Amino acid sequence: MTEIGSILQQLLQFSPDALLVVDEHGLIQFSNDTARDMFGYASEELAGRPLELLVPERFRGRHHEHVASFLQSPANREMGARIVDLFARRSDGSEFPAGIRLAPIRSGERDYVSVAVRDMTERRAISAALVAARKEADRANQAKSRFLATASHDLRQPMQAIRLLNASLLKLTRDTHHVYELVRRQEQAIDNATRLLHALLDISRLESGAVDPKLASVSLASVYSDLQREFESTAAAKSLELKFAESDIVLMTDRTLFAQLLQNLIGNAVKYTEHGFVRVTQSLDAETLSIVVEDSGIGIPADKLDRIFDEYYQVDTVGAPRVGVGLGLAIVREVSRLLGLTVSVSSKFGEGTRVRVRIPRSNLLTNPAASAAPSLHAAENPGARRGRLLLLEDNQSVRVATELFLSLEGYNVRSAAGAADGDKLFADLRQGDVLISDYRLDGKLTGLEVLRNLRADKPWDVPAVLLSGDLEAMLRAVKTPIENCRFLSKPVDTQALLEAIGELSKLPGDA
Ligand code: ADP
C-alpha cells in the first residue's frame, strides 16, 4: 500500500461517522472501526451481509426500495434529509436515530454505494429541548400578555371610581386644610397609578401587535399646541422655559400614536430637567423632517444610552426623580417602529439631552389639509346656561362616583344603568342637555347607538361624551368624527371630562 493509501485507510477508521461500502446487490463490502463501535458488529461479521441488517425490521421493506431507486439514479445526497424519524439498528436489536448520507462510487466495471451513518441521538435531544424551551417561552409570553391585558382591563373600573370619588373628596375638604392636603396627596397617588395602568396597557397592546396605525393628515401645530397645554403647568412649576417651534407642516401619520411618541419624549424632558429649558424644534432636509426634543436636564451617561429603550430600564442617577416606571421609551420604540420613524438620543451627562425623531419626507403632505379638529359652534359662548347631564353607565360604583363628582361640580345629573332604563331619562330631553355614556353598555346597544337613536328623534345634534376603556377600539368603531361628540378614555381625566362637558353644554343660541 502506498503511503497515501495507508493515510486514507487510517482516516477512514478515524471518521466520526460509521462508513460502509455496499455493492449493487446491497451487500456490505467494507465497514470502518466507527461502524463496529456504533453497531456492535466487527468488520468481518458485516462483510458480505445485506445492509438491511443495520435497519430496524419495520423499515426493511421501504429501505430496499430506497436503495434500488438510489442505484437507478445515484447522486450524493443525505438519505431522508427531510425524514425526521430515520433509525438504525445495533447488533443487540436496540435502535438509535441516524443521519445517513449516500454517495455512488464506481470502481472498474462495478458500482458501489458508500454509506456514512451519524448517530443523531444527541442532536435530536438538543433540538427537542430547544423546541420545548421555545414552546415554554411562547407560553410564558402569552400568559404574561393575557395577564397584563386582563389585569389592566379589570383595573380600569375601580380606578375610574376611585378617581372620581377622590375628586369629590377634594372639593368637599377644600375648607379643612389638613384633610384637604391628605386628599391632594391621594390624588397624586391615583394619578401615578393611572399613568402606570395606561403605560402597561399601551406597551402590552403595542407589543402584541394589536395596534393598527390609522393614517390621517395631522397638523404639527395642533399636536404641538395640545402638548404645550399638557405640559405647561408642570414646566411652569419648575420655572422651565417650554417652547415649541412654529410649524405649518402637515404629516400623514396616526395622530394618537404620533402624539403619544412626542408626549413621552417631552414628558421625560420635563421630568428630568430642574433648571433651564425644554425646546421642541424642527428642521427639514432633502429626505427627512427632524423633530428635536432638547432639554437642559440631568442628562444620561454615555454607557447607559443603549439601554434606555428597554422595558423597565431606568438610569440609576443619584438625585434623579423616580416618577416613571421605565416604560416611556419602550413605548416610543414600539410606536416609532409602527410609524416608520427613527428615534436617536444624544446626551451629555449633567448638561442635557437631545432626542431626534426622523420622519421620511414622503410622510409630509405638500398640500396641507385643514385641521381636523371638530368645530364646536358654541365654544365662544361663555355665558351659556348649563343643561342637565344624562348619565348612562352600567357599572354601579362608577355610576355613583360619576354622579357624585358631577353633582359637586354643580351639574344637575340624572343617571341610568343602560339603554333600557334610559328611555325614562330621555323622555323630556331639552336642548343643552348632554349625554354622558359608557361606550359598552350592558344589553344590545352601544353608547353610540343610543346617541344615534336620540339624534334621530330630535331636531338638534344632542351633545355627548362617550367613554371607553379602549379608546382606540371605540374610535375604530366610530370611524368618522361626530359633530358635538367627545370621546374620552377610562379611567377618565376629571379635568378633561369637565372641559368636554363645559364646551358641549353651551346652547348654540346663547349670547
Ligand atoms: P421613565 O418612566 O423612567 O421615565 P423611560 O423609558 O421614559 O422611563 O426612560 C428610561 C430612562 O431613561 C429614564 O428612567 C431616565 O433615566 C432616562 N431618560 C429618559 N429621558 C431622559 C431625559 N430627557 N433626560 C435624562 N434622562 C432621561
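Numbers here simply count residues along the sequence, with the first being 1. Counting starts at 1 for both ligands and their atoms, following the listed order. All figures in this text were calculated on a predicted structure; none of them were measured in a lab.
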TODO: Check the pair D138, R134 against salt bridge (Lys or Arg N to Asp or Glu O under 4.0 Å), reporting the backbone distance first and the verdict last.
DONE: CA-CA 6 Å; D138 284 351; R134 172 71 205 245; 3.4 Å; yes

Open item on the list: Looking at every non-hydrogen atom in both residues, tell me the closest pair between Y439 and A477 and how far apart they are.
Closed with: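 Scanning both residues, the minimum pair turns out to be OH-CB, 3.1 Å.
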
TODO: Say whether L327 and ligand 1 are in contact under the criterion: heavy-atom distance to a ligand atom below 4.0 Å.
DONE: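 Contact present.
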
Task: Those atoms of ligand 1 less than 4.0 Å from some heavy atom in G326 - done: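 Counting atoms of ligand 1 from 1, those under 4.0 Å from G326 are 1 (P), 2 (O), 3 (O), 6 (O), 8 (O).
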
Open item on the list: Using a 4.0 Å cut-off to any heavy atom of K271, which atoms of ligand 1 qualify?
Closed with: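 Checking each atom against K271, I get 1 (P), 2 (O), 4 (O).
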
Of [options], which has the heavy atom at the shortest distance from [atom]?
atom: atom 21 (C) of ligand 1; options: Y272, F309, Y313; value: Y272
atom: atom 26 (N) of ligand 1; options: L305, I300, N268; value: I300
atom: atom 6 (O) of ligand 1; options: V293, I266, L329, V345; value: L329

Task: side-chain contact (heavy atoms from CB on, under 4.5 Å) involving L172 - partner list, sequence neighbours excluded - done: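 Testing L172 for side-chain contact (heavy atoms from CB on, under 4.5 Å), a comparison that skips the adjacent residues, returns L408.
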
Task: Those residues that, when tested against Y224, pass ring pair (Phe, Tyr, Trp, His ring centres under 6.0 Å) (two or more places apart) - done: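 Per chain and number, Y224 pairs via ring pair (Phe, Tyr, Trp, His ring centres under 6.0 Å) with F244.
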
Task: V315 contact mode with ligand 1 (heavy-atom cut-off under 4.0 Å) - done: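 Answer for V315: both.
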
TODO: Start with the C-alpha gap between D212 and R476, add the side-chain angles, then the distance that decides, and say whether salt bridge (Lys or Arg N to Asp or Glu O under 4.0 Å) holds.
DONE: CA-CA 10 Å; D212 197 8; R476 263 201 306 280; over 6 Å; no

Open item on the list: Would the distance check show the side chain of S168 and the main-chain N or O of L164 forming a donor-acceptor pair, the cut-off being under 3.5 Å?
Closed with: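 Checking the backbone N and O of L164 against the side chain of S168, a donor-acceptor pair under 3.5 Å is found.
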
